[in-house]
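Comments concern the structure below.
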Amino acid sequence: MIGQAVNRVDGPLKATGRATYAYEHWEAGQPLYGFIVGATIGKGRITRIDTEDAERAPGVQLVMTYLNTPEQGPRDESIPFEYWRAQPVLTGPDIHYYGEPVALVVAETLEEARAAADLVEVEYRAGRGRFDFGEFEDVYIPKTVNAGLPTDTAVGDFDAGFAGAEVKVDQQYTTPYEFSLPIEPNACMAEPRGEDLVIYVSCQITDAARDSVASTLRMAPERVHILAPFVGGGFGSKLGIHSETILAAFAARTLRRPVKVAMTRQQVFQLVGMRPTSSQRVRLGAGRDGRLSAIAHDVTMHTNPDIEYAEQTAATTRSLYAAPHRLTSHRLTALDLPRGTDVRAPGEAPGMLTVESAMDELADTLRMDPVELRIRNEPTVDPERDVPYSDRHLVDCLREGARRFGWENRPATPASVRDGQWLIGYGMSAAIRGHFQGPTAVRVRLETDGTAVIQTDMTDIGTGTYTILTQVGAEGLGLPLERVRIELGRSDHPTSWGSGGSWGATNSCTAVHRACMTLREKLLDTARDDTRSPLHGLDPANAVFSDGNVGIDGASEPLGEIVARNHPEGVEAEGRTLFMGDDPNYSAYSINTYGATFAEVGVDADTAEVRLRRMLGVYSVGRVFNPKTARSQLIGGMIWGVGAALEEEAVVDPRSGAFVNRDFAGYLVPVHADIPDVDVVVLEGYDDKANILGAKGLGEVGICGSGASVANAVFNATGVRVRDFPITIEKLLPGLPPMDA
């Protein structure tokens with residue numbers, strides 16, 4: 001079953017509307033509805049808040065402000081990961097960023113709550129906020145960056161290596177604020193059950209959600225029950241919980257009734273967090289033969305003054321190309337804006353957008369094929385950690401992609417090929433992303449009817465988790481797919497690290513596999529020792545599990561009969577994965593996924609409109625659980641890269657700190673008309689250093705570098721290099737060559 005292109009087992013539920021998301025649960029009966037009131041200044045203090053008119057409005061049951069919110073637990077910085085910490089809201093009169101919650105109005109209907117929210121009167125004393133990233137030059141050095149990676153690294157003598165290089169690239173690139181924006185906004189329903197609290201919430205890590213709610217509300221964690229059976233996308237925005245969850249929980253406990261709170265799309269822009277804006281300096285020094293002698297990647301980005309977030313933007317540069325002299329750094333500047341947070345492929349996406357653009361600039365300076373340049377700088381060991389790669393096939397991706405794409409037809413001279421009104425260009429980029437592993441537990445239970453139930457608090461955020469766990473469980477126990485049932489997204493199940501960081505599939509599938517192996521041993525031991533079994537006394541080493549039976553040397557017995565006779569209550573086993581820091585392979589090897597993206601664009605010679613014509617990605621990700629869901633993940637990442645190159649940009653009003661384009665009318669993302677032809681090829685592989693199944697995460701490698709392939713194609717089409725992303729008409733148009741050139 002592993003490796004088969006199985007249709008999603010939850011597909012019928014989703015297609016018929018029977019998959020229940022956070023805001024759609026009705027188990028507790030008719031709920032109340034909450035609506036968040038946000039601050040209309042970006043920095044300052046509430047001087048007066050009047051809720052009397054709102055409290056008298058029809059249907060209103062409660063108006064919460066900092067004046068009547070129960071005491072909350074503090075944010076415990078000793079907890080190593082942000083997602084598990086308390087997330088207090090309505091803590092006082094101070095305003096830290098535009099849109100910060102100042103009140104929650106709870107009413108019998110959503111319409112009543114929203115109408116009453118307009119009646120909450122708030123007066124402020126505005127302070128001088130810091131909102132403009134380009135205005136402030138004071139920066140500081142964080143202790144570490146995201147995922148606990150070192151802030152700076154240095155190998156060799158970069159200054160000397162760069163100074164002595166025959167050819168140099170030294171450029172500054174900027175990337176904007178970007179958002180995850182899953183289709184399902186952040187939403188929650190909180191239901192009080194005696195002293196317990198049941199939270200139906202759209203989250204990626206149920207264990208983190210439980211601990212965060214419990215510590216914020218000062219409850220025992222076992223009193224909080226998180227349910228997230230279906231999540232409508234996350235992309236990092238739901239790794240931790242947000243204000244709607246805490247506010248719904250407080251309101252439900254206060255009123256002793258279920259309360260639903262969902263953010264509007266506009267509120268998501270202000271309350272959930274975003275990818276930080278960045279200024280990145282990339283320096284490449286090389287010989288005339290293209291071999292790098294020095295590489296440096298220095299990043300400055302925004303952070304929130306109260307909740308530090310340092311995206312690991314320069315981290316992938318540490319493992320991508322060989323060069324004896326190396327330097328990477330991360331710096332932060334504090335702005336009074338919402339906190340930075342993980343957005344799909346945090347660090348790698350904005351970092352590779354710039355580094356792979358710089359590599360294209362180096363190739364153009366050398367008049368060298370960009371594919372050949374990358375192949376010439378292929379390392380034999382990780383150039384900064386000095387350990388071998390576990391399984392590296394980047395060159396294979398580059399060569400196979402070039403062959404399939406027809407790279408030999410690439411215009412050698414920028415702005416030299418036209419198709420009527422359109423300037424035509426080809427671009428490419430490499431991709432690398434680290435593979436991560438976190439502690440995950442799974443319980444597999446075999447019932448007396450021969451069906452298996454797999455339980456874990458792991459979430460399915462639309463990526464196909466239900467399906468691949470079904471496949472791994474079916475193969476592990478030799479069962480048909482229809483006799484495997486998956487139960488996900490409940491904090492009462494064994495604990496996982498959830499979905500995120502491209503670690504969810506491999507963590508949970510590895511744990512399922514181990515649980516199945518343990519369960520097989522239990523069943524074989526039982527049958528061998530049972531005189532009533534046809535397998536009694538036979539050597540279990542020769543056992544074959546298939547079609548719901550176990551056979552040994554010609555004898556066979558249904559699994560259900562073994563269980564029913566010896567384990568009338570069923571039999572179960574647990575499987576686990578370790579934190580990567582406890583797995584020696586992760587210190588002995590550099591474990592990554594790889595890819596190469598190729599793009600063809602057309603640029604209108606008069607208007608500078610950019611149109612993607614086709615795109616190809618070739619990836620090496622180890623063993624693939626399901627080619628169909630893997631292809632969807634990779635295509636989605638590549639399309640996101642197109643958005644980063646050409647469209648996505650959140651704009652801050654420097655007077656208030658508000659995002660002025662906080663909806664899909666103003667914040668542009670690729671739509672069907674923007675994406676004509678995207679193809680994906682996944683090379684066969686098996687990385688035995690990653691885990692026992694040989695698989696690696698692939699959810700985010702598709703976005704890594706794909707934006708740079710589009711940007712490089714735009715340069716190849718026009719001869720205009722835009723280093724301030726996204727590449728928009730006003731940035732491109734002034735440099736376009738005349739039509740008669």
Side-chain angles (χ1 to χ4, degrees), residues 74-87 138-155 158 175 205 208 211-212 236 239-240 273-282 295-320 326-335 337-352 354-355 382-387 432-439 497-498 500-503 578-583 586-587 589-592 697 700 704:
R75 292 173 46 81
D76 186 351
E77 300 295 332
S78 68
I79 298 173
F81 296 101
E82 170 70 23
Y83 321 127
W84 277 262
R85 297 172 184 167
Q87 303 293 335
D138 51 322
V139 299
Y140 71 92
I141 305 173
K143 292 181 179 179
T144 62
V145 296
N146 197 25
L149 297 173
T151 301
D152 299 346
T153 61
V155 176
F158 173 79
T175 63
I205 311 176
D211 283 7
S212 189
L239 288 168
M274 67 287 193
R275 191 192 303 280
T277 188
S278 75
S279 175
Q280 304 181 44
R281 183 186 183 188
V282 180
I295 182 169
H297 189 181
D298 301 302
V299 182
T300 302
M301 68 197 89
H302 114 278
T303 191
N304 179 276
D306 303 303
I307 305 176
E308 182 180 282
Y309 177 79
E311 193 169 16
Q312 68 277 33
T313 307
T316 50
T317 307
R318 298 168 182 173
S319 298
L320 185 53
R326 318 176 63 84
L327 196 67
T328 68
S329 71
H330 299 83
R331 300 293 181 267
L332 299 177
T333 183
L335 301 179
L337 297 173
R339 69 191 191 191
T341 191
D342 295 329
V343 175
R344 195 175 201 182
E348 294 93 351
M352 295 207 68
T354 62
V355 168
D382 188 297
E384 296 209 5
R385 294 179 56 202
D386 194 30
V387 296
I432 184 174
R433 190 184 184 280
H435 170 71
F436 300 98
Q437 179 175 291
W497 258 40
S502 299
W503 61 61
L578 300 173
F579 182 69
M580 55 193 296
D582 299 321
D583 187 330
Y586 285 83
S587 57
Y589 297 92
S590 180
I591 307 177
N592 308 280
E700 292 164 287
C704 297

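Not measured: the values here are computed from a predicted model. Position 1 is the first residue of the sequence; numbering continues from there.
- Taking the charged nitrogens against the carboxylate oxygens, E82 and R75 do have a contact shorter than 4.0 Å, which makes a salt bridge.
- Between the side chain of T354 and the backbone N or O of G351 there is at least one donor-acceptor pair closer than 3.5 Å.
- In this structure, a donor-acceptor pair under 3.5 Å is absent between the side chains of N146 and E311.
- Closest heavy-atom contact between G347 and P350: O-CD, 3.4 Å.
- In this structure, a donor-acceptor pair under 3.5 Å is absent between the side chains of T313 and S278.
- Checking Y83 against D211 by side-chain atom types alone, no donor-acceptor pair falls below 3.5 Å.
- If you check the side chains of D298 and T300, you find no donor sitting under 3.5 Å from an acceptor.
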Carefully, step by step, assess Y309 and D342 under the rule side chain to side chain donor-acceptor pair (under 3.5 Å).
CA-CA 9 Å; Y309 177 79; D342 295 329; 2.5 Å; yes

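- Within the 3.5 Å criterion, the main-chain N or O of L327 finds no donor-acceptor partner in the side chain of E384.
- The shortest side-chain heavy-atom distance between W497 and I205 does not fall under the 4.5 Å cut-off.
- Judged purely by atom type and a 3.5 angstrom limit, D382 has no side-chain atom pairing as donor or acceptor with the backbone of V387.
- Comment: R331 does not engage D138 in a salt bridge, judged by the lack of any side-chain N to carboxylate O separation of less than 4.0 angstrom.
- Counting only distance, with no hydrogens or angles, the side chain of D152 and the backbone of H330 share a donor-acceptor pair below 3.5 Å.
- Checked by atom type, the side-chain pair T151/T144 shows no donor-acceptor distance below 3.5 Å.
- The only member of E700, E348, R344 that meets side-chain hydrogen bond (donor to acceptor under 3.5 Å, both in side chains) when paired with S502 is E700.
- At least one donor-acceptor pair closer than 3.5 Å links the side chain of S212 to the backbone N or O of R85.
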